Amino acid sequence: MKIRGQVLILLLFALFIAEGTILPWLLPDSWHPRMVPNLVFVVILFVSVYYSRHTALVLGIVFGLIHDVVYYGFIIGPYSFAMGLSAYLLGLVFTARRAPMPIMMGAVLLGSFLLDSMLFAIDHLFQLNHQNFDWALAQYMIPDLFIHFLFALIIYVPVRKQLQRLGIRVKKEENV
């Protein structure tokens, strides 16, 4: 269990680094101001559905805090709060160790929309964003949903299998 858990954390760090280094090269220049793909959050949603919502809450808070420090900069905490809370809520709603692909893709779409909506609400609350919700929906929320959905389709099979094995081993260790 420990090795798979450590591999999961290394995978999240690798995705976090790829978000800032490789992904800007892959996206067209016209999409850069609009899109903020959060690949780490997609994997955290997988953890929330297939493993444990409590683990996803902790991972969301930790990687959201790192995201706040490295990328956001205006205030510390919005990504940490939004990623942790939305991962926990989705884990609460979609708890199923054997959730089929359409349910997981629905969880990714709903979770991504919830994350972007929470970030928009926090920015609006602290007057960091003076645009209306329709503008945000058209400019960056729907493109982010599309990228998160594609990424979730790509990683669905390998991440689901690893998380289900991680969950089975935890149950075996608890029974011993």
Side-chain angles (χ1 to χ4, degrees), residues 5-6 8-21 23-24 27 31-96 99 103-152 155 159 163 166:
Q6 292 168 350
L8 175 67
I9 291 173
L10 285 175
L11 170 73
L12 290 173
F13 271 116
L15 285 174
F16 182 77
I17 291 170
E19 284 176 9
T21 56
L23 215 54
L27 295 176
W31 292 7
H32 280 284
R34 289 200 238 168
M35 299 192 64
V36 186
N38 198 338
L39 306 179
V40 172
F41 180 67
V42 175
V43 175
I44 290 173
L45 288 176
F46 274 81
V47 171
S48 179
V49 171
Y50 289 116
Y51 184 62
S52 166
R53 65 178 182 263
H54 302 289
T55 304
L57 173 69
V58 171
L59 288 173
I61 289 172
V62 169
F63 281 94
L65 190 60
I66 294 171
H67 197 278
D68 281 331
V69 170
V70 173
Y71 295 121
Y72 200 58
F74 294 115
I75 47 180
I76 301 293
Y79 268 90
S80 179
F81 171 75
M83 284 175 70
L85 182 63
S86 58
Y88 182 81
L89 289 176
L90 278 237
L92 197 63
V93 172
F94 292 103
T95 301
I103 289 177
M104 187 60 222
M105 294 304 120
V108 167
L109 290 175
L110 190 61
S112 297
F113 181 72
L114 186 63
L115 174 70
D116 285 339
S117 297
M118 278 192 212
L119 291 173
F120 177 82
I122 291 170
D123 284 350
H124 199 69
L125 178 69
F126 290 106
Q127 298 180 352
L128 297 173
N129 186 1
H130 300 287
Q131 305 295 331
N132 60 17
F133 188 77
D134 295 338
W135 178 87
L137 189 67
Q139 291 297 312
Y140 65 89
M141 287 184 185
I142 291 177
D144 278 351
L145 285 177
F146 179 70
I147 292 294
H148 290 174
F149 182 76
L150 284 179
F151 181 68
I155 67 167
V159 171
L163 289 172
L166 187 64

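Computed from a predicted structure; not experimentally measured.
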Chemist: In terms of ring plane angle, is the pair Phe16 and Tyr71 parallel, tilted or perpendicular, where the classes change at 30° and 60°?
Modeler: tilted

Chemist: Output side-chain donor-acceptor pairs under 3.5 Å for residues 37-47, partner residues at least two apart or in another chain, one line each.
Modeler:
unit_1 : atom_1 : unit_2 : atom_2 : d
Asn38  : OD1    : Phe41  : N      : 3.4

Chemist: The criterion is side chain to side chain contact (heavy atoms under 4.5 Å, CB included); which residues satisfy it with Val58, sequence neighbours excluded?
Modeler: Val62

Chemist: Evaluate the side chain to side chain contact (heavy atoms under 4.5 Å, CB included) criterion for residues Tyr51 and Leu8: first the C-alpha distance (whole Å), next the side-chain angles of each, then the deciding distance (0.1 Å), finally the verdict.
Modeler: CA-CA 12 Å; Tyr51 184 62; Leu8 175 67; over 6 Å; no

Chemist: Listed by chain and number, what are the ring pair (Phe, Tyr, Trp, His ring centres under 6.0 Å) partners of Tyr88, not counting sequence neighbours?
Modeler: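 For Tyr88 the ring pair (Phe, Tyr, Trp, His ring centres under 6.0 Å) partners, ignoring immediate neighbours, are His54.
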
Chemist: Taking all non-hydrogen atoms of both residues, which atom of Ala18 and which atom of Pro24 are closest, and how far apart?
Modeler: O-CD, 4.4 Å

Chemist: What heavy-atom pair brings Asn129 and His124 nearest, and what distance separates the two atoms?
Modeler: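 For Asn129 and His124, the tightest heavy-atom pair comes out as O-ND1, 3.4 Å.
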
Chemist: With a 4.5 Å heavy-atom cut-off, do Phe151 and Leu15 have their side chains touching?
Modeler: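 Yes, their side chains come closer than 4.5 Å.
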
Chemist: Is it the case that the side chain of Ser80 and the backbone of Ile61 share a donor-acceptor pair, with hydrogens and angles ignored and the cut-off at 3.5 Å?
Modeler: yes

Chemist: How far does CD1 of Ile75 sit from CG of Leu125, to the nearest 0.5 angstrom?
Modeler: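 Here the rounded value is 8.5 Å.
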
Chemist: Check Gly77 against Asp68 and note the closest heavy-atom contact, atom names and distance.
Modeler: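 Closest approach of Gly77 to Asp68, heavy atoms only: N-OD2, 2.8 Å.
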
Chemist: For residues 107-116, which side-chain N or O atoms pair as donor and acceptor with protein atoms under 3.5 Å away, sequence neighbours left out?
Modeler:
unit_1 : atom_1 : unit_2 : atom_2 : d
Ser112 : OG     : Val108 : O      : 2.9
Ser112 : OG     : His148 : ND1    : 2.7

Chemist: With sequence neighbours excluded, what pairs up with Phe13 under the ring pair (Phe, Tyr, Trp, His ring centres under 6.0 Å) test?
Modeler: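 Result, ring pair (Phe, Tyr, Trp, His ring centres under 6.0 Å) vs Phe13: Phe63.
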
Chemist: How long is the span from the CZ atom in Arg53 to the CG atom in Leu57, to the nearest 0.5 Å?
Modeler: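 So the gap between those two atoms works out to 10.0 Å.
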
Chemist: Do Ser117 and Met141 have side chains that get closer than 4.5 Å, going by heavy atoms?
Modeler: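 Yes, their side chains come closer than 4.5 Å.
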
Chemist: With distance as the sole test, does Ser48 use its side chain to make a donor-acceptor pair with the main-chain N or O of Ala56 at under 3.5 Å?
Modeler: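 Flag not set: sc Ser48 to bb Ala56 has no pair under 3.5 Å.
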
Chemist: Kindly list each side-chain donor-acceptor pair under 3.5 angstrom involving residues 130-138, sequence neighbours excluded, with atom names and distances?
Modeler:
unit_1 : atom_1 : unit_2 : atom_2 : d
His130 : NE2    : Gln127 : O      : 3.4
Asn132 : OD1    : Trp135 : N      : 2.9

Chemist: Report the distance from atom CG of Leu59 to atom CD1 of Ile9, rounding to the nearest 0.5 Å.
Modeler: 6.0 Å

